[in-house]
There are 4 protein chains.
Amino acid sequence: MSDTETLSPEKRAQILTGANTVFSEDGYEGSSMARIAQVAGVSKGTLYNYFAGKAELFAAHIEGQCALTLGQVFAEDGANADDPAGFLRTIGTRMLEMMVSDKGLTTYRIVTSEAPKFPELSQGFYNAGPARAITALAGWLARQHQSGRLSVPDPIFAAEQFFSLCQARLCLRRVLHVDRTSSPEEIAHVVDAAVAMFLAGCAPNAPQGDAR
Amino acid sequence: MSDTETLSPEKRAQILTGANTVFSEDGYEGSSMARIAQVAGVSKGTLYNYFAGKAELFAAHIEGQCALTLGQVFAEDGANADDPAGFLRTIGTRMLEMMVSDKGLTTYRIVTSEAPKFPELSQGFYNAGPARAITALAGWLARQHQSGRLSVPDPIFAAEQFFSLCQARLCLRRVLHVDRTSSPEEIAHVVDAAVAMFLAGCAPNAPQGDAR
Amino acid sequence: MSDTETLSPEKRAQILTGANTVFSEDGYEGSSMARIAQVAGVSKGTLYNYFAGKAELFAAHIEGQCALTLGQVFAEDGANADDPAGFLRTIGTRMLEMMVSDKGLTTYRIVTSEAPKFPELSQGFYNAGPARAITALAGWLARQHQSGRLSVPDPIFAAEQFFSLCQARLCLRRVLHVDRTSSPEEIAHVVDAAVAMFLAGCAPNAPQGDAR
Amino acid sequence: MSDTETLSPEKRAQILTGANTVFSEDGYEGSSMARIAQVAGVSKGTLYNYFAGKAELFAAHIEGQCALTLGQVFAEDGANADDPAGFLRTIGTRMLEMMVSDKGLTTYRIVTSEAPKFPELSQGFYNAGPARAITALAGWLARQHQSGRLSVPDPIFAAEQFFSLCQARLCLRRVLHVDRTSSPEEIAHVVDAAVAMFLAGCAPNAPQGDAR
DNA sequence: GATGAATGAGGGTTCATTCAT
DNA sequence: AATGAATGAACCCTCATTCAT
């Protein structure tokens, strides 16, 4: 008999909802199975019917967070792909807003701190989130390169540089609780400066790559 | 009472050595005082003769790590301050090497994950490390701006952008255990690209600031 | 949730039995939860399923002792209320026997020593035991006063005097382990002398109250 | 070499002063040797040069308390031994005041609670305090009996009855923290009533002994 | 003789996990 | 399939005692 025959997906979701709440508030070590069960509205025993243990429940929680918060960052929706500056600004703003949000920070902190203990988890996080965003942006950059609008010989790395520029100042300060919040103005300023420096570095006739 | 109230400094160092090992391996919550005592080669009781509790021991450990790993990054030593590309390459390489080192990563992971619980600690980490590096680089950038070699209207923010560029690709992958190590070649490539893009953005007659 | 939220009443009783043993032997501070669990035949964790902590377990233990040993002292049963000497002898004997019993002494010792730390507990003990006995005896004395058989202008205080007389010699010696046991003859002698002195002091035409 | 050759009585007294403070505040189990050493102004090691351990130090402390507080209760000083009511009132007031004092209560509570563990201690307390007072009062009663002023066939037991009467109401309520303090008026009232009932019971032609 | 750093057993309490119901 | 009482190892911390200085 398979798992899907005897266990209800609704209850599984119910458990994960409780786990999201508790893990986000208290981290991995700080969370107790008893509290998760209570918040989820199930018994402690039921937790173990759906997940082999705390670590597995935590892994499922993180995967859910990735799917929710990171997947939608790079939805190629209304951004005008033909206006480089505007397009980059849209993408960078979405990414930065996610990274300085409480939810994003919490997930990042937990995945980071548990990376030595749950490496496959943090790798999954990387693939589901940053890697997807990089790949998507790199595709757009490659097309800009082909069309001659920008000079991007290594689109993957250029995408990584752009996202790094978007993290200037704010991300580290938020991660380390130096700042308690980031204003939309701060975010806009950082993204604008990132776009400016990035475009300066990718101007069609600008010097590329190594600076030596 | 004399200044040497610290009991025996050697034993204190011995305890901190053990604490370094254990905290680095297991994080704050995951570490037990019993194991720290065992690894340090002292009794559990002795731990409490030197530190008021687990939190204090942890704080002392982190402060020690800051002093060790972060303080020396921006030593203004032999870097040729008159060769912008070379100077930036030196600074960036030092910073990046520190950030992808096992020691640096471990400290970063712990400080990050415990920031909500020990905010004064993570703020101290920020001030002792990143803030000092940013201030120092900003000073150099301001002098370049005055001399006309570079165009840097906001040196502080520019320094933050440069260090962000240096983190492209490698840092996140190391933090998340996607990569197990970073080769000198990779480091050099990232730093060179960071210097190139930064100098392109700071060229004396380049467009500055917002891109809109 | 039903009224039977007390988990299993049998197990609760089992724990309290163990707690009685251990607290009686070692007092509050001297008792360890580990030993109580061992003596009760449950695991340490189970203790905390039934009681929030050591203090709560101790309070429950004392309350149980009060209910057991003090409640039944002044049962208004077969004592002939119309024979003053006989009635007082019956009441006094019951009270004294309880006070010099091992169980009574143990409870008294613990409640006494922990009164500064658990004042509500010792006050509850006073109300459940001595106060009830005093009130009951005072009621009887008031009726004797009205009928003219005795002269008891302050029945409450007179009751307190009677019970104090019953404690002469034996109680303190038992409390302080000077005597290891009290014989029925000793008890009878003390009670008889108490009744004699009390009745002499309450004779209808005897001088009352202050002696000055 | 004997103890008295190498150890200074002053330091011993200094230690006992600290022990008095700490034991009185925290009881036996609640007191730590570290705090006693600190309060006494000596090192922990010195404690063990003067006393074999915590139990011995505690015993010495209690003995000192007995000598101080109980010894002087029955000082046969200015009380007029020829005025029975006045004499008894003086003795009873001294005794009751001592028993409801904070110091007296504290010592009583500790000795009581530790009696099963330190029986020789509580017996010493009984002999040094209550027994001496009883003996002294009994001697006076015997002389009154011989002179015909009172009828006291069993002076020892009569003395015990008198002191018991003096404890009516107040002592138990103070011991159990039902009352936080006792006013001089309350004390006078209790003692006066005790003297009145006692004298009524010892009137030269009153019925003596058993009431059956 | 005095010190106080070091010890390690034991304190109360929490919690992931199991299993009879 | 769901429960939650029971478990016991492990947690952080305290403290009486020892012993090298």
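Residue numbers begin at 1 in each chain, while the letters A, B, ... track the order of the sequences. No hydrogens, no waters, no symmetry mates; every other heavy atom, side chains included, goes into these values. None of these values were measured; they are calculated from a predicted model.
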Worksheet item: Considering every strand shown, what is the Watson-Crick or G-U wobble mate of dT7(E) when both distances are under 3.5 Å?
Response: dA16(F)
Item to complete: Classify the side chain of Asn49(C) and the base of dA5(F) as holding, or not holding, a donor-acceptor pair under 3.5 Å.
Response: no
Item to complete: Nearest whole angstrom, please: distance from the C1' of dT14(F) to the CD of Glu29(C).
Response: 12 Å
Practice prompt. Rounded to the nearest angstrom, tell me the gap between atom CD1 in Ile36(D) and atom C1' in dG4(E).
Written response: 17 Å
Fill in: Geometric class of the Phe118(D)/Phe58(D) ring pair [parallel <30°, tilted 30-60°, perpendicular >60°]
tilted
Discussion item. So if I take every side-chain heavy atom of Val42(D) and compare against dA6(E), dT13(E), dT3(E), which nucleotide ends up nearest?
Written reply: dT3(E)
Worksheet entry | Residue matched to dA2(F) through Watson-Crick or wobble contacts both under 3.5 angstrom | dT21(E)
Worksheet item: In whole angstrom, what separates Arg12(B)'s CZ from dA6(E)'s C1'?
Response: 17 Å
Worksheet item: With distance as the sole criterion, do the side chain of Lys44(B) and the base of dT7(E) form a donor-acceptor contact below 3.5 Å?
Response: no
Worksheet item: In terms of the nearest nucleotide of DNA chain E, which residue is placed more toward the 5' end: Gly41(D) or Ser31(C)?
Response: Gly41(D)
Response to the item:
Whole-Å distance, Tyr50(D) OH to dT3(E) P, equals 9 Å
Item to complete: Could you tell me the separation between the CG atom of Leu47(B) and the P atom of dG8(E), rounded to a whole number of Å?
Response: 13 Å
Practice prompt. Look up atom CD1 in Ile36(A) and atom NZ in Lys44(A), then write down how far apart they are to the nearest 0.5 Å.
Written response: 11.5 Å
Practice prompt. Write down the atom of Gln123(C), the atom of His177(D), and the distance for their closest heavy-atom approach.
Written response: NE2-O, 2.9 Å
Worksheet item: When you check the phosphate oxygens OP1 and OP2 of dT7(E), does a side-chain N or O of Thr46(B) lie under 4.0 Å from one of them?
Response: yes
Worksheet item: Can the positive tip of Lys54(B) be found less than 6.0 Å from the middle of the six-membered ring of Tyr28(B), inside 45° of the ring normal?
Response: yes
Practice prompt. Check the distance between dA2(E)'s P and Gln14(D)'s CD and give it to me in whole angstrom.
Written response: 10 Å
Item to complete: Consider the side chain of Met33(C), meaning its heavy atoms from C-beta on, and name the nucleotide among dA2(F), dG12(E), dA6(F) that approaches it most closely.
Response: dG12(E)
Practice prompt. Would you mind reading off the distance between Phe51(B) atom CZ and dA6(E) atom P, rounded to a whole angstrom?
Written response: 12 Å
Worksheet item: So what does Ser32(C) hit on the nucleic acid, given a heavy-atom distance under 4.0 Å: a base, only sugar-phosphate, or nothing?
Response: sugar-phosphate
Worksheet item: For Glu56(A) and dA16(E), what is the distance between atoms CD and P respectively, to the nearest whole Å?
Response: 13 Å
Discussion item. What I want to check is whether an N or O donor and acceptor connect the side chain of Lys54(C) with the base of dG11(E) at under 3.5 Å.
Written reply: no
